[in-house]
Q: 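Dropping a structure here in structure tokens format, bear with me for questions.
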Amino acid sequence: GEFGEDNVAAAAYLQHTSRLVDPLTLNAGVRGDFDPRFGAAVSPRAALAYAPWQDATVKGIYSQAFRAPSAYERGYSDPNSDVANPDLEAETVRSLEASFEQRFGYHRIFFGAFRSWWSDMVVIDTLDQDEIDANIAAGKLTAGTPEAYQYRNLSRIDNWGLNAAYDGALLKNTLQYGFTLTSAYTRQESTGSDPVLPTVGPQVFGNARVSYSLGEKLPTLATALQYQGRRLADQYYEGEFSKRPVVAPAWNLKATVSGDVPGVETLEYRVGANYSFAKYSPYTIGANVYGSDGPAELAPVSRLTLFAGVHYHFEP
């Protein structure tokens, strides 16, 4: 599948910020791209921010973007299994977001809602027998090839959800804390099939964190707890397992101690540990990776990691 090509791409971006009236601000921009791999693309973006009262912001955002297909997706070929697709189009995404943020002293509260649409997602597709025969006749596949694949623009993703955050500080800013939480409804749809829950990614995730400074010459203690909801394994739909593999909700705990090295003003240290309560990741491994009426074997995760580091500030 070896190949090579040279491309010259160009892009231009224009942005304008305007205070329409005293509490209302508009930030608008547009980016134009030209790429010989897929043609031209125009990506607009606009954000409207309104301050209804002191330290409060209501914001609405619209944005659009794209991802060009990679050289591998466009050009990889194997006469025994894979057909290149140099005509792949770019993936595109359109997104809407609304949020409210209120600050009071050292504290901040945030709520948001979002919706995104991904189109022309690149996925690897299995060719049917007529397509295999046509590619054999064109010299792209070896005669007698039983199964072959090609990257195509076949998939759509519809995603909407809510997110929330709170952070603050107490005790003269020595105690800092916060949390974030995101809940999303996501469905992936391929041509000719019903919408399904995507694999690997969680629908609910978030974290909580807290730190406390013991004093100017004493260390700072910090810990963070991360959560990911249940996830479908990567071969959930493709594998013929005796039971479809699903990874249970995962918790991950991280703790650190940091501060100045005694006697050296410009040298800081940090030591800590990371512990995963989950045992497995949402990726299938082993001889039964695609399933043959047996159970799925999932890739293990690193349960415990210890780390230590130093940070030196060079004097000007």
Side-chain angles (χ1 to χ4, degrees), residues 23 25 27 47 49-61 97-114 161-184 201-231 247-279 281 301-316:
T25 303
N27 186 323
Y50 174 66
W53 53 77
Q54 185 176 355
D55 297 329
T57 304
V58 178
K59 185 179 295 185
I61 300 173
E97 181 179 353
S99 65
F100 170 76
E101 179 179 285
Q102 175 70 61
R103 293 181 177 273
F104 41 99
Y106 289 115
H107 306 272
R108 181 185 72 99
I109 188 169
F110 173 90
F111 292 101
F114 57 87
L162 304 170
N163 47 35
Y166 179 82
D167 49 75
L170 295 171
L171 304 179
K172 297 182 180 180
N173 211 30
T174 59
L175 177 64
Q176 299 184 15
Y177 55 90
F179 81 89
T180 62
L181 180 66
T182 298
S183 177
Q203 301 293 289
V204 178
F205 56 91
N207 68 74
R209 57 214 180 266
V210 61
S211 68
Y212 181 67
S213 176
L214 297 177
E216 184 177 349
K217 296 184 179 181
L218 296 174
T220 296
L221 311 178
T223 185
L225 182 64
Q226 181 191 49
Y227 171 80
Q228 295 185 81
R230 64 188 294 274
R231 291 165 289 168
V247 177
W251 295 89
N252 193 74
L253 180 65
K254 183 176 182 178
T256 62
V257 178
S258 60
D260 297 328
V261 175
V264 186
E265 294 183 357
T266 56
L267 187 63
E268 299 176 353
Y269 69 89
R270 181 184 297 270
V271 296
N274 190 79
Y275 180 76
S276 173
F277 293 90
K279 296 181 180 180
S281 71
V301 299
S302 175
R303 301 291 304 279
L304 177 63
T305 302
L306 305 177
F307 59 89
V310 292
H311 183 189
Y312 183 77
H313 300 271
F314 289 93
E315 292 292 344

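Bear in mind the structure is a predicted one, so any value in this text is a computation, not a measurement.
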Q: Mind listing the closest non-hydrogen atom pair of R231 and G201 along with its distance?
A: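 Closest heavy-atom pair between R231 and G201: CG-C, 3.7 Å.
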
Q: Is there a side-chain contact between T182 and F114, using heavy atoms and a 4.5 Å cut-off?
A: yes

Q: Apply side-chain contact (heavy atoms from CB on, under 4.5 Å) to R108 and list each qualifying residue two or more places apart in sequence or on a separate chain.
A: E101, R103, F110, A165, D167

Q: Measure the spacing between CZ of F205 and CG of L181 and express it to the nearest 0.5 Å.
A: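 Separation between the atoms: 8.5 Å.
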
Q: If you look only at pairs with a residue in residues 51-60, which of them pass as a salt bridge (Lys or Arg N to Asp or Glu O under 4.0 Å), with sequence neighbours excluded?
A: none

Q: To the nearest 0.5 angstrom, please state how far the CG atom of L218 sits from the CG atom of D260.
A: 10.5 Å

Q: With sequence neighbours excluded, what pairs up with L171 under the side-chain contact (heavy atoms from CB on, under 4.5 Å) test?
A: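 Counting only residues at least two positions away or on another chain, L171 forms a side-chain contact (heavy atoms from CB on, under 4.5 Å) with T174, L175, Y212.
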
Q: List the residues meeting side-chain contact (heavy atoms from CB on, under 4.5 Å) with A56, not counting sequence neighbours, and say none if there are none.
A: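 Counting only residues at least two positions away or on another chain, A56 forms a side-chain contact (heavy atoms from CB on, under 4.5 Å) with P52, W53, F100, Q102.
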
Q: Quick check: do T180 and N163 have side-chain heavy atoms less than 4.5 Å from each other?
A: no

Q: Count the heavy atoms of every other residue, nucleotide or ligand shown that sit under 6.0 Å from CZ of R303, and state whether that count exceeds 12.
A: yes

Q: Among V310, V257, T256, exactly one meets side-chain contact (heavy atoms from CB on, under 4.5 Å) together with R270. Which residue is that?
A: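 The side-chain contact (heavy atoms from CB on, under 4.5 Å) with R270 is passed solely by T256 among V310, V257, T256.
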
Q: Quick one: closest heavy-atom pair of A47 and I61, and the distance?
A: CB-CG1, 3.9 Å

Q: Test T266 against Y312 for side chain to side chain contact (heavy atoms under 4.5 Å, CB included), laying out the working first.
A: CA-CA 6 Å; T266 56; Y312 183 77; 3.1 Å; yes

Q: Do F111 and L162 pass the side chain to side chain contact (heavy atoms under 4.5 Å, CB included) test, and can you show the C-alpha distance, the side-chain angles, and the key distance before you say yes or no?
A: CA-CA 8 Å; F111 292 101; L162 304 170; over 6 Å; no

Q: Please set out all donor-acceptor pairs under 3.5 angstrom arising from side-chain atoms of residues 219-229, sequence neighbours excluded.
A:
unit_1	atom_1	unit_2	atom_2	d
T223	OG1	K254	O	3.1

Q: Got a sec, which residues hit side-chain contact (heavy atoms from CB on, under 4.5 Å) with H107, two or more places apart in sequence or on another chain?
A: F104, Y166, L170, Y177

